[in-house]
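Index from 1, following the sequence.
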Amino acid sequence: QVQLVESGGGLVRAGGSLRLSCAASGITFTSNAIGWFRQAPGKQREMVASIGSTGGTTYADSVKGRFTISRDNAKNTVVLQMNTLKPEDTAVYYCNKGRGRTSYSYIPSDYWGQGTQVTVSS
């Protein structure tokens with residue numbers, strides 16, 4: 001049974017930092033790309049960052065230079081470090097198991113975590 005569990009969300013002021021974690025189980029972790037997505041109220045879900053099985057990364061233009069995605073294959077965990085947060089980063093953040101191994105041309109699977117709320121105040 002595939003499980004993805006996010007943690008680390010919260011309320012932070014603009015310019016602050018948060019660290020999100022995604023713990024995966026029930027998958028061959030080293031064989032899959034993992035992605036972080038977010039969905040703000042009234043908006044479509046969008047990809048924020050993804051990391052391939054060998055560590056290659058892809059970022060949305062809106063977060064480049066501010067967010068860093070990394071993975072720890074020994075712990076089956078993917079971390080999204082978010083710095084210099086802006087009010088427009090406010091959203092529910094989800095992790096997803098990719099259909100393939102690469103972060104490029106990332107294709108999301110149907111496996112999602114429950115989401116974690118990130119709120120950035122101005």
Side-chain angles (χ1 to χ4, degrees):
Q1 180 181 356
V2 177
Q3 277 197 315
L4 301 168
V5 180
E6 302 97 336
S7 61
L11 172 64
V12 64
R13 289 188 175 182
S17 298
L18 282 174
R19 182 180 175 91
L20 305 184
S21 291
C22 173
S25 60
I27 65 173
T28 305
F29 187 75
T30 54
S31 296
N32 290 104
I34 301 292
W36 278 100
F37 290 71
R38 67 186 180 188
Q39 188 165 19
K43 295 188 176 181
Q44 288 194 333
R45 191 171 296 189
E46 62 175 356
M47 194 175 81
V48 174
S50 61
I51 185 164
S53 59
T54 57
T57 57
T58 303
Y59 296 92
D61 287 344
S62 59
V63 307
K64 280 181 182 176
R66 300 188 298 122
F67 290 11
T68 302
I69 189 170
S70 61
R71 65 190 296 157
D72 184 338
N73 289 337
K75 296 181 179 179
N76 284 14
T77 300
V78 171
V79 169
L80 185 68
Q81 178 66 43
M82 307 187 295
N83 298 328
T84 318
L85 283 160
K86 304 176 181 180
E88 50 264 43
D89 294 318
T90 295
V92 178
Y93 283 70
Y94 300 89
C95 68
N96 173 267
K97 167 187 168 300
R99 290 188 180 274
R101 292 177 175 266
T102 180
S103 66
Y104 306 105
S105 300
Y106 184 92
I107 300 174
S109 71
D110 294 333
Y111 297 105
W112 298 88
Q114 82 286 354
T116 185
Q117 177 70 47
V118 171
T119 303
V120 184
S121 63
S122 57

Report task. Walk me through it: do Lys64 and Asp61 pass the test salt bridge (charged side-chain N to carboxylate O under 4.0 Å, His left out)? Result -> CA-CA 5 Å; Lys64 280 181 182 176; Asp61 287 344; 3.1 Å; yes
Report task. Kindly indicate, with the supporting measurements, whether the criterion side-chain contact (heavy atoms from CB on, under 4.5 Å) is fulfilled by Glu6 and Tyr93. Result -> CA-CA 8 Å; Glu6 302 97 336; Tyr93 283 70; over 6 Å; no
Query raised in the report: Given the rule in the side-chain contact (heavy atoms from CB on, under 4.5 Å) test, do Glu88 and Val120 qualify, once you have shown the distances and angles that lead to the verdict?
Result: CA-CA 8 Å; Glu88 50 264 43; Val120 184; over 6 Å; no
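Within the 3.5 Å criterion, the main-chain N or O of Arg38 finds no donor-acceptor partner in the side chain of Glu46. Judged by distance alone, with hydrogens and angles left aside, the side-chain atoms of Asn32 form a donor-acceptor pair with the main-chain N or O of Gly98 at under 3.5 Å. The backbone N or O of Ser7 lies less than 3.5 Å from no partner atom in the side chain of Ser21, so there is not a single donor-acceptor pair. A distance-only check finds no donor-acceptor pair linking the side chain of Thr119 to the backbone of Leu11 [under 3.5 Å]. Side-chain atoms of Arg99 never come within 3.5 Å of backbone atoms of Ile107 as a donor-acceptor pair (strictly under, hydrogens ignored).
Taking SG of Cys22 as the reference point, atom NZ of Lys97 lies at 12.0 Å (rounded to 0.5 Å). Atoms CD and CD1, on Gln1 and Ile27 in that order, are 13.0 Å from each other to the nearest 0.5 Å. Note that the NZ atom of Lys86 and the OG atom of Ser122 stand 14.0 Å from one another [nearest 0.5 Å].
Under the 4.5 Å side-chain heavy-atom criterion for Ile, Leu, Val, Met, Phe, Trp and Tyr, Leu4 and Tyr106 are members of distinct hydrophobic clusters.
In summary, the aromatic rings of Phe67 and Trp36 are positioned with their centroids too far apart to meet the 6.0 Å limit.
The two residues Val5 and Gln114 have their closest heavy-atom pair at CA-OE1, 3.8 Å.
Looking at Val48, Ile51, Leu20 one by one, the single match for side-chain contact (heavy atoms from CB on, under 4.5 Å) with Ile69 turns out to be Ile51.
Both tests pass for Arg71 against the ring of Phe29: distance under 6.0 Å to the centre and angle within 45° of the axis.
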